[in-house]
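Report on one structure; see the data block that follows.
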There are 2 protein chains.
Amino acid sequence: MKARVRKDEKVEVDIVAAMRERISTHAIPPGSKISEAHLAEEFGVSRTRVREALTELEFRGLIKRIPNRGAEVIRLDLTQVFEIYDAREALEGMAVRLATQKAPPETWQEWVELLREGGPMEKLLEKGDVEGYFLVYERMRRRIIEAAENPVLAGMLDSILEKTRVIMRRVQILPGRAAAGLAEHRAFINAMRTGDAERAEQLRRANIRSAIATLKRYQNFIL
Amino acid sequence: MKARVRKDEKVEVDIVAAMRERISTHAIPPGSKISEAHLAEEFGVSRTRVREALTELEFRGLIKRIPNRGAEVIRLDLTQVFEIYDAREALEGMAVRLATQKAPPETWQEWVELLREGGPMEKLLEKGDVEGYFLVYERMRRRIIEAAENPVLAGMLDSILEKTRVIMRRVQILPGRAAAGLAEHRAFINAMRTGDAERAEQLRRANIRSAIATLKRYQNFIL
DNA sequence: TGCAACATTTTTGTTTACAATGCTGTCTAC
DNA sequence: GTAGACAGCATTGTAAACAAAAATGTTGCA
């Protein structure tokens, strides 16, 4: 599969972007060895530029480089996943707090309605459309981070999530997780709607801790 | 000033490490232009390796690269400093929480004694030795992060702090800041000593918010 | 003198070539 | 038949050469 790129574009970023996507979706599975020469051939650039791209991917924590032995896609063990979730709890909590403080409460009205009892989101889950639910949830999440107006926070969450994207999706389909998630999402978005930043943060953090607990219980099925 | 390095060492990391130190201490002031050729000459390596080092520094947020115009040391404005502090509040809070949960309460006894009313730390401040206080505080901070056993969190805090190292020191010498810091540090370390993770986190976050407030009041003197 | 166009120099961006290291497969000795 | 040594190959690491872009300097003209 050759994803050749037009010469007149900034291919540098394209290499990094393409590889981020492939790795975070497990299109290239964890543990895979990465050949500099192959990538150079595929993207039609010299190895030097591939190596610069690899430097960035390494710093993003997506690949691991062993001197004189090349690079391979990082493989997260359960310990690392829990580490990431703890960091994520802190950051997502703060994002919710800041978003609540900075955006007018009406901002969240549309999500309140989507998530209300007997509302569209609940209907999605009743249909078993976990994927659809996840998509809307992701949009809401991005909206919150946008409203938090904090690029530093946003960057950290980004780099965290691209490492656990696949795992997050798997957690969603664990027994009872989606339903529990719905109730918890409803809880924190309602707090945001009333402008109670402190409470919204607490509820958001509880939501993530609840996901961690589910993950812990079913850990053998995830990795 | 030539900081030439022995050939048989891993100079790659040395370039990055050296530059991180210089930038975070403002040995190279914000806004300075960085010449690839000069660095190559100084470290005795080719420009190729310098460029790889710059790629990493850029991703760490220490330098800014403009295509075809080279790299320069990042210059933080007040907005960005506040963004960083908000992220830091979340992360340091979580670090305190995790450390309290994971390490035995006796771990913190030595710091409780250092910080107690009329104790050595208070004496330091009475002597006006803010620098000395800061050094011990930094050691305690590192100990907490170590006890939190979360490399992801640790890495994020690291990358945040090296961008605001100089500013953090300046905040310490603001009127009344050191004394207020002492009281707040005493409060959260005491909570850690009693094993109350929730309360310790709250107090730690309050401590950082208090620093933010001081910074806000004296913002014109800082930047 | 001011300034605009062009030439020169400097600096960055990219490729190519070379060196060093690790891996693999074969051959030999026991 | 197996273990160890050695040779050849593949891959990574580094440097140098080349290309392109931007910055600077210079000249000519109004």
Side-chain angles (χ1 to χ4, degrees), chain A residues 1-20 22-23 28-75, chain B residues 1-20 22-23 28-75:
Chain A
M1 191 265 277
K2 307 255 169 179
R4 196 167 289 274
V5 191
R6 287 195 304 286
K7 271 282 174 58
D8 55 321
E9 285 184 13
K10 279 211 66 187
V11 276
E12 167 75 19
V13 290
D14 284 337
I15 299 177
V16 174
M19 292 299 289
R20 283 175 65 186
R22 291 183 197 176
I23 294 174
I28 311 176
S32 306
K33 201 166 173 320
I34 294 173
S35 157
E36 296 179 0
H38 287 168
L39 280 184
E41 220 268 330
E42 176 183 345
F43 287 96
V45 297
S46 71
R47 270 183 50 231
T48 307
R49 295 182 66 192
V50 170
R51 283 176 63 79
E52 286 222 4
L54 292 183
T55 302
E56 182 172 340
L57 292 175
E58 179 183 25
F59 196 77
R60 283 183 178 276
L62 293 176
I63 66 171
K64 184 175 55 179
R65 279 172 117 173
I66 305 155
N68 293 315
R69 311 241 340 230
E72 59 180 52
V73 178
I74 207 85
R75 184 198 302 277
Chain B
M1 190 261 278
K2 309 253 169 182
R4 195 166 288 277
V5 190
R6 286 195 305 283
K7 270 279 173 59
D8 54 322
E9 284 184 15
K10 280 211 67 188
V11 275
E12 168 75 19
V13 289
D14 284 338
I15 299 177
V16 174
M19 292 300 290
R20 285 175 63 187
R22 290 183 198 178
I23 295 173
I28 310 177
S32 307
K33 200 163 174 323
I34 295 173
S35 156
E36 297 180 358
H38 287 167
L39 279 183
E41 219 268 331
E42 176 182 345
F43 288 96
V45 296
S46 72
R47 271 183 51 231
T48 308
R49 299 182 63 191
V50 169
R51 284 178 63 81
E52 287 223 5
L54 291 182
T55 302
E56 182 171 339
L57 292 175
E58 179 183 25
F59 197 79
R60 284 184 178 274
L62 293 176
I63 66 172
K64 184 174 57 178
R65 279 172 115 172
I66 304 155
N68 293 315
R69 313 235 349 223
E72 60 181 52
V73 177
I74 208 83
R75 185 198 304 275

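Letters A, B, ... are given to chains in the order of the sequence lines, protein chains preceding strands, and every chain is numbered from 1. All values below come from the heavy atoms of this structure, side chains included, with hydrogens, waters and symmetry mates left out.
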* **Glu52(A) CD to dT12(C) P, straight-line distance once rounded to whole Å** => 13 Å
* Asked: How is Ile34(B) classified with respect to the nucleic acid when contacts are heavy atoms under 4.0 Å: base, sugar-phosphate, or nothing?
  -> sugar-phosphate
* **Integer-rounded Å distance: dT12(C) C1' and Glu72(B) CD** => 15 Å
* Value in whole Å for how far the C1' atom of dA16(D) lies from CZ of Arg51(B) -> 15 Å
* **Lys33(B), nearest nucleotide to its side chain (from dT12(C), dT12(D), dT15(C))** => dT12(C)
* To do: Can you tell me the distance, in whole Å, between the CZ atom of Phe43(B) and the C1' atom of dA15(D)?
  => 18 Å
* Structure fact -> With the side chain defined as heavy atoms from C-beta on, Val45(B) is closest, among dA15(D), dT12(C), dT21(C), to dA15(D)
* Asked: To the nearest Å, how far apart are Glu41(B) CD and dT10(C) P?
  -> 15 Å
* Structure fact -> Output for pair (Glu72(B) CD, Lys33(B) NZ), nearest 0.5 Å, gives 8.0 Å
* On DNA chain C, check which nucleotide each of His38(B) and Thr48(B) is closest to and give me the residue with the more 5' one. => His38(B)
* Asked: Rounded to whole angstrom units, what separation is found between the CD1 atom of Ile66(B) and the P atom of dT11(C)?
  -> 16 Å
* Asked: For Leu54(A) and Glu36(A), which heavy atoms make the closest approach, and how far apart are they?
  -> CD1-CG, 3.8 Å
* Closest listed nucleotide, where the reference is the side chain of Glu36(A) and the choices are dG13(C), dG13(D), dT14(D) -> dG13(D)
* Can you check whether Arg47(B) has a side-chain N or O nearer than 4.0 Å to OP1 or OP2 of dA15(D)? -> no
* Asked: Roughly how many Å is it from CG in Asn68(B) to P in dA21(D), rounded to a whole number?
  -> 7 Å
* Distance below 4.0 Å between Arg69(A) side-chain N/O and dC23(C) OP1 or OP2 -> yes
* **Ion pair check, Arg65(B) and Glu56(A), cut-off under 4.0 Å** => no
* Whole-Å gap separating P (dG13(C)) and CZ (Arg49(B)) -> 19 Å
* Can you see which heavy atom on Met19(B) is nearest to which on Leu39(B), and at what distance? => SD-CD2, 3.8 Å
* **Heavy-atom closest pair, residues Val73(A) and Pro29(A)** => CB-O, 3.7 Å
